[in-house]
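Let me begin by presenting the structure, written as structure tokens, before commenting on it.
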Amino acid sequence: MLQVSVLRENKEKVIQGLKKRNFSDQDLVIIDTIIVLDDERKLIQKSLDDKLNISNQVAAKIGQLIKNGEKGAAEAAKSEVASLKKDIQQEEEKMRTVSTQLETHLLNLPNVPHDSVPPGKSADDNFVFQDWPQALPELPDTALPHWDLAKKYDIFDLELGTKITGAGFPVYRKKGARLQRALINFFLDQATNEGFEEIIPPLMVNEASARGTGQIPDKEAQMYYIERDDLYMIPTAEVPVTNIYRDVILNEDQFPVKMTGYTPCFRREAGSYGAHVRGLNRVHQFDKVEIVVLEHPDRSYQMLQQMIAHVSGLMEKLELPYRILHLCGGDMGFASASTYDFEVYSAAQKRWLEVSSVSNFESFQANRLKLRFRDGSKKTQLAHTLNGSALALARIVAALLENNQTPEGIRIPDILVPYTGFKILN
RNA sequence: GGUGAGAUGGGUGAGUGGCUGAAACCAACAGUUUGCUAAACUGUCGUACGGGUAACUGUACCGCGGGUUCGAAUCCCGCUCUCACCGCCA
């Protein structure tokens, strides 16, 4: 959620930014609507506060009168307050109306893209920030997509998952299960070596947490919801981990707060069907190691680059061909100010698959979370939040299986061997 | 699931209707003293939203939401959470 003060003070910048998100002139009217509502809110508050002030004074006076035994005067004062109280009620009613309108508009306004974000309408306009420098791997015609490799080596089973739960819930077995565990441990070790604190968070969150990171109201339909207990299954570790710092005021010297967490992620993902979602390309439950950082506003973009470097390192250690896209305004997430997507090349499907998304949310999430810090002058200021996948497993597994297939089996990258305990998956 | 106790500022903890945005102590911060450290002393020490160039000032908040009252941390109702015991259980 943006702050109204930002809309006021940097209105031109906000307009330019939202245009990158393809806001029309008509859409942009919302900014003025919000400012007008906020002006109105201030007026009402002033008048309400003044009336409350009088009411407080009269109440104190009545107390004195009663103490002094001046009953008549006290009764007179009481009747004086009666009409004032009616006024106050009306003002409070107005205040509620204006505040909820204001809140609704603000909640539905997306974050302002950073200056560096390329313009564009859709995923086709994303900027290739870093391409794969070599020729893309080519496999012989006999090469199999990962869902066929899964059958061949009995490493994961989607039909079985359908029997137990429903479509999109894979069952990993044998060396496939071991590979999952190896990757999780590898990713966690890599992150903790970089100074990220390891967290094992709850896999369900309450509404306040879902709201804090912006899943509600924007992406509510994407989450599984347990009505009986009013809880949401997490779509990413970002939600519980970032919410550790909801309603927290940090000291400046605590920055950067770096956390990592492995969790399964649950996504309803209603929509697309067909070849693009076959196998592990899109599932309802997958494993992911997430990195979350809280940083000083002055340094958050440096941190974003560090996080990109970290994820790049993972891809390189896994010897997977990848590229980095800087998402254009039209393709960015609602809460993000700048997002870089990592895509792995899946040689048998001959497609790029998204495996990581690294974003700086600036103060957008912090505003909802009330995540602040005290600056040098002891004033509180919103912190910046960032996060990224490091990494999401399902599609990494898909690419790894496809790209590394040989007649003898699937070659495990050297760095993973200590984790898997085998060099060839067969 | 049942019963009982509780929820106050960074911490401990007073406070049963007006003098309490909140005592006291601890912690923290700034200063004085000191050869240094410690101790002692003095001062500062919640958040948010407003008004004002500023000094300053208004309002709200004592788990959350309602209610009673001229006036609520304090009384009433509902909820949530924590702790203890019982039951069940990985």
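Every heavy atom of this structure was used, including side-chain atoms; hydrogens, water molecules and symmetry mates were not. To find a chain, count down the sequence lines: A is the first, B the second, and so on, and within it residues start at 1.
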Would you please classify the geometry between the A/H310 ring and the A/F196 ring as parallel, tilted or perpendicular, with 30° and 60° separating the classes? tilted
Output yes when A/R411 and A/E319 qualify as a salt bridge under the 4.0 Å nitrogen-oxygen rule, no when they do not. yes
Salt bridge flag under 4.0 Å for residues A/R374 and A/E252: no
Identify whether NZ of Lys or CZ of Arg in A/K175 sits under 6.0 Å from the centre of the six-membered ring of A/F422 and within 45° of that ring's axis. yes
Starting at atom [atom1] of [X], determine the distance to atom [atom2] of [N], rounded to an integer number of angstrom.
| X | N | atom1 | atom2 | result |
| --- | --- | --- | --- | --- |
| A/I88 | B/rG58 | CD1 | C1' | 13 Å |
| A/L250 | B/rA28 | CG | C1' | 17 Å |
| A/Q381 | B/rA48 | CD | C1' | 16 Å |
| A/N251 | B/rA27 | CG | P | 18 Å |
| A/L48 | B/rA48 | CG | C1' | 15 Å |
| A/N206 | B/rC81 | CG | P | 10 Å |
| A/D247 | B/rG10 | CG | P | 12 Å |

Checking base pairs now: Watson-Crick or wobble, both atom distances under 3.5 Å. What partners [N]?
| N | result |
| --- | --- |
| B/rU74 | none |
| B/rU3 | B/rA84 |
| B/rG43 | B/rC29 |
| B/rA24 | B/rU12 |
| B/rA55 | none |
| B/rC36 | none |
| B/rG17 | none |
| B/rU68 | none |

Side chains of residues 197-212 of chain A: which donor-acceptor pairs under 3.5 Å do they make with residues two or more places apart or in other chains?
residue	atom	partner	partner atom	Å
A/N206	OD1	A/A208	N	3.4
A/N206	OD1	A/S209	N	3.0
A/N206	OD1	A/S209	OG	3.1
A/E207	OE2	A/R211	NE	3.4
A/E207	OE2	A/R211	NH2	3.0
A/S209	OG	A/R246	NH2	2.9

N/O to N/O distances under 3.5 Å, protein versus nucleotides 43-47 of chain B:
residue	atom	partner	partner atom	Å
B/rU47	OP1	A/R374	NH1	2.4
B/rU47	O3'	A/R372	NH1	3.0

Could you pull out all donor-acceptor pairs under 3.5 Å where a side-chain atom in residues 388-402 of chain A meets a protein atom, sequence neighbours excluded?
residue	atom	partner	partner atom	Å
A/S389	OG	A/S357	N	3.2
A/R395	NE	A/N281	O	2.7
A/R395	NH1	A/E354	O	2.8
A/R395	NH2	A/N281	O	2.9
A/E402	OE1	A/S346	OG	2.4
A/E402	OE1	A/A348	N	3.2
A/E402	OE1	A/Q349	N	3.3
A/E402	OE2	A/H146	N	2.9
A/E402	OE2	A/H146	ND1	2.8
A/E402	OE2	A/Q349	NE2	3.1

Between [N] and [M], how many Å separate the two [atom1] atoms, rounded to a whole number?
| N | M | atom1 | value |
| --- | --- | --- | --- |
| B/rG67 | B/rU74 | P | 14 Å |
| B/rG21 | B/rG58 | C1' | 14 Å |
| B/rG78 | B/rA23 | P | 32 Å |
| B/rC19 | B/rC77 | C1' | 30 Å |
| B/rA60 | B/rG65 | C1' | 16 Å |
| B/rG63 | B/rU80 | C1' | 8 Å |
| B/rA7 | B/rC75 | P | 11 Å |
| B/rC79 | B/rA90 | P | 31 Å |

With sequence neighbours excluded, what pairs up with A/D157 under the salt bridge (charged side-chain N to carboxylate O under 4.0 Å, His left out) test? none
Only counting residues at least two apart or in another chain, list the ones meeting ring-ring contact (aromatic ring centres under 6.0 Å, His included) with A/F334. A/F364
Which letters describe nucleotides 60-72 of chain B, given B = protein heavy atom under 4.0 Å from base, S = only from sugar-phosphate, - = neither? S---------BS-
B/S/- along nucleotides 50-57 of chain B (protein heavy atoms under 4.0 Å) is SS------
Just N and O in the side chain of A/N53: are any of them under 4.0 Å from OP1 or OP2 of B/rU59? yes
Just jot down the side chain to side chain donor-acceptor pair (under 3.5 Å) partners of [X], sequence neighbours excluded, or say none.
| X | answer |
| --- | --- |
| A/K42 | none |
| A/R181 | none |
| A/S359 | A/T339 |
| A/D414 | none |

Side-chain donor-acceptor distances from residues 161-174 of chain A under 3.5 Å, at least two apart:
residue	atom	partner	partner atom	Å
A/T162	OG1	A/L158	O	2.9
A/K174	NZ	A/D154	OD2	2.8

